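Report on the structure given below.
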Amino acid sequence: MPEPLEPLESYGEEGRAIASTGAGGASDLGTAEAETLEKTPGGPEGTGADKKPRSLWSDAWHDLRRNPIFIISALVILFLVVISIWPSLIASGDPLDCDLAKAQEGSQPGHPFGFNGQGCDVYTRVVYGARTSVTVGVCATLGVAILGGVLGGLAGFYGGSWDGFLSRITDVFFAIPVVLGGLVLLSVVTSSTVWPVIGFMVLLGWPQLSRIARGSVITAKQNDYVQAARALGASNSRMMLRHITPNAIAPVIVVATIALGTYIALEATLSYLGVGLKPPTVSWGIDISSASQYIRNAPHMLLWPAGALAVTVLAFIMLGDAVRDALDPKLR
């Protein structure tokens, strides 16, 4: 008669049996495995119970650091910001120093991009034009994000008549074509500074961010932690600042980052049409406008400022796409 089988046991690293066969073996194994995982420092995916779980922002930064699109676009934008603040680092000339005797001439030693129709160094003007474009894009984006985020957040939080009133106002602004509005509003401005253009972009750009912020706040205020804070007697300002805003701001950041490149392109478009920035301001849009009539005889006048504009807009759009992928849980 064969001898009865002995219970099989598997031992952990410390020599302790964590599972056995027999009646109830499957449940014993599941319980033991759960206990083992809880005591393992790395846990199932390297995050033990003794480690604090990553937040949305730390998790997004963890993904961004490993995204080559984010790294490339961030390096390009960092370079643009540096030359915008200190253009003399790579361009020693004066963008307004022109010599008509060299008008439309091509590349020469010390002048790699040639000269424009007024005899100004194209390379120097391209470098100094980055300051104008970056300034307009950043300031317009900040203004749009602040104005649209605040108005949309308040509308989404309080609702009622305030939400209805703001929705009708945004509908009116959405009905205004951007380029046509720029032609009408900026045609009467005589200032050559960037502030009228920035003000125009904020005026017509905040409704989009307002709609995004409103929808994000409406979604966030329905979560359980907000309802719990309300039940515990938290004030509206505390719920808005401590609980809703940190969890509703991600879509606003994504849209604002992508829109920054759009505002740079819009500034160039308005300057090309003659209603944006005006000389003696150095701008890629102004240079593209003045070079368009010489495109057959001197294509280099158009190629370099247009190329710089395209690279800048593409870098900000790529950055916005990378940020969106990192902050959107549905894409994980």
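Since the structure is predicted, the reported quantities are computational estimates derived from the model, not experimental observations.
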### Polar side-chain atom of Thr124 near backbone of Ala91 as donor-acceptor pair, under 3.5 Å
no
#### Entry: Under 3.5 Å donor-acceptor, Trp284 side chain and Ser133 backbone
no
### Query
Between CG of Leu204 and CZ of Phe174, what distance do you get to the nearest 0.5 Å?
10.5 Å
### Task
Check whether any side-chain heavy atom of Tyr294 sits under 4.5 Å from a side-chain heavy atom of Gln104, and report yes or no.
yes
### Gln108/Phe115 under side chain to side chain contact (heavy atoms under 4.5 Å, CB included): CA gap, chis, key distance, verdict
CA-CA 9 Å; Gln108 297 181 5; Phe115 299 87; 3.7 Å; yes
### Query
Taking atom CG of Leu78 and atom CD1 of Ile71, what is their separation to the nearest 0.5 Å?
13.0 Å
### Query
What's the verdict on side chain to side chain contact (heavy atoms under 4.5 Å, CB included) for Trp304 and Leu309, showing C-alpha distance, side-chain angles and the deciding distance?
CA-CA 9 Å; Trp304 295 111; Leu309 174 65; over 6 Å; no
### Query
Would you say Val81 and Val311 are hydrophobically clustered, going by side-chain heavy atoms of ILVMFWY under 4.5 Å?
yes
### Query
Considering residues, nucleotides and ligands other than Asp224, do more than 12 of their heavy atoms fall under 6.0 Å from its CG?
no
### Query
In Å, rounded to the nearest 0.5 Å, how long is the span from NE2 of His111 to OH of Tyr123?
12.0 Å
#### Entry: Heavy-atom closest pair, residues Arg214 and Ser167
NE-OG, 4.3 Å
### Message
Side chains of Asn67 and Asp63, heavy atoms from C-beta outward: is any pair under 4.5 Å?
### Response
no
### Message
Is there a continuous path of hydrophobic side-chain contacts, each under 4.5 Å between heavy atoms, that joins Leu89 to Val127?
### Response
yes
### Message
Could you check whether Tyr225 and Asn223, counting side-chain N and O atoms only, form a donor-acceptor pair closer than 3.5 Å?
### Response
yes
### Summary
Of all heavy-atom pairs linking Ser84 and Val134, the shortest is OG-CG2, 3.5 Å
### Query
Would you say Lys221's side chain and Phe157's backbone share a donor-acceptor pair under 3.5 angstrom?
yes
### Summary
Ile198 and Cys139 have their tightest heavy-atom pair at CD1-CB, 3.6 Å
### Query
Side chains of Phe79 and Ile90: closer than 4.5 Å at any heavy-atom pair?
yes
### Message
Looking at Ile295, I want to see if its CD1 is surrounded by more than 12 non-hydrogen atoms of other residues, nucleotides or ligands under 6.0 Å.
### Response
no
### Message
Give me the atom names and distance for the closest heavy-atom approach of Gly117 to Ala103.
### Response
O-CB, 3.3 Å
### Message
Quick check on the hydrophobic clustering: are Ile218 and Leu241 connected, directly or via other members, by side-chain heavy-atom contacts under 4.5 Å?
### Response
no
### Message
Looking at Gly159, is its backbone amide N or carbonyl O close enough to the side chain of Trp162 to form a donor-acceptor pair, meaning the two atoms are under 3.5 Å apart?
### Response
no
### Message
Would you say that Leu185 contacts Leu203 through its side chain, given a criterion of any heavy-atom pair below 4.5 Å between the two side chains?
### Response
yes
### Working for side chain to side chain contact (heavy atoms under 4.5 Å, CB included), residues Ile77 and Leu319
CA-CA 9 Å; Ile77 293 172; Leu319 180 69; 3.4 Å; yes
### Message
Between Ser216 (side chain only) and Ile212 (backbone N and O only), is there a donor and an acceptor less than 3.5 Å apart?
### Response
no
### Donor-acceptor pair between Ser237 and Ser235 side chains, under 3.5 angstrom
yes
### Query
Side chains of Leu142 and Val202: does their closest heavy-atom pair fall under 4.5 Å?
no
### Message
Take a 6.0 Å sphere around OH of Tyr272 and say whether it holds more than 12 heavy atoms from other residues, nucleotides or ligands.
### Response
no
#### Entry: Interatomic spacing from OG in Ser289 to CG in Leu273 - rounded to 0.5 Å
8.0 Å
### Exam field: side chain Thr170 to backbone Pro207, donor-acceptor pair closer than 3.5 Å
no
### Query
Between the side chain of Arg125 and the main-chain N/O of Pro95, is any donor-acceptor distance below 3.5 Å?
yes
### Query
For the hydrophobic clusters of this structure (ILVMFWY residues joined by side-chain heavy atoms under 4.5 Å, transitively), does one cluster hold both Val150 and Val255?
yes
### Task
Any chance you could lay out the side chain to side chain contact (heavy atoms under 4.5 Å, CB included) test for Asp287 and Met301, step after step, and finish with the verdict?
CA-CA 8 Å; Asp287 288 349; Met301 295 171 50; over 6 Å; no
### Query
Would you say Gln208 and Arg211 make side-chain contact, with heavy atoms under 4.5 Å?
no
### Task
Check whether more than 12 heavy atoms from other residues, nucleotides or ligands sit under 6.0 Å from atom CG of Leu186, and answer yes or no.
yes
### Task
Rounded to the nearest 0.5 Å, what's the gap from CE on Met201 to OG1 on Thr262? Could you check?
10.0 Å
### Query
Are Val217 and Met240 close enough that some pair of their side-chain heavy atoms sits under 4.5 Å apart?
yes
### Message
Which heavy atom of Ala315 sits nearest to which heavy atom of Ser73, and what is that distance?
### Response
O-CB, 3.3 Å
### Task
Look at the side-chain heavy atoms of Ile, Leu, Val, Met, Phe, Trp and Tyr, link any pair under 4.5 Å apart, and say whether Leu80 and Ile264 land in one connected group.
yes
### Task
Indicate the atoms forming the closest heavy-atom contact of Thr132 with Leu277, along with that distance.
CG2-CD1, 3.0 Å
### Query
Has the side chain of Thr257 got a donor or acceptor atom that lies under 3.5 Å from a matching backbone atom of Ile253?
yes
### Query
Is there side-chain contact between Asp121 and Asp97, with heavy atoms separated by less than 4.5 Å?
no
### Query
Checking Ser290 side chain against Ile286 main chain: does a donor-acceptor pair fall under 3.5 Å?
yes
### Message
Can a donor-acceptor pair be found, under 3.5 Å and without considering hydrogens, that links the side chain of His243 to the backbone of Ala220?
### Response
no
## Note on the structure
Output for pair (Leu166 CG, Ile169 CD1), nearest 0.5 Å, gives 7.5 Å
### Query
Considering residues, nucleotides and ligands other than Gln118, do more than 12 of their heavy atoms fall under 6.0 Å from its CD?
no
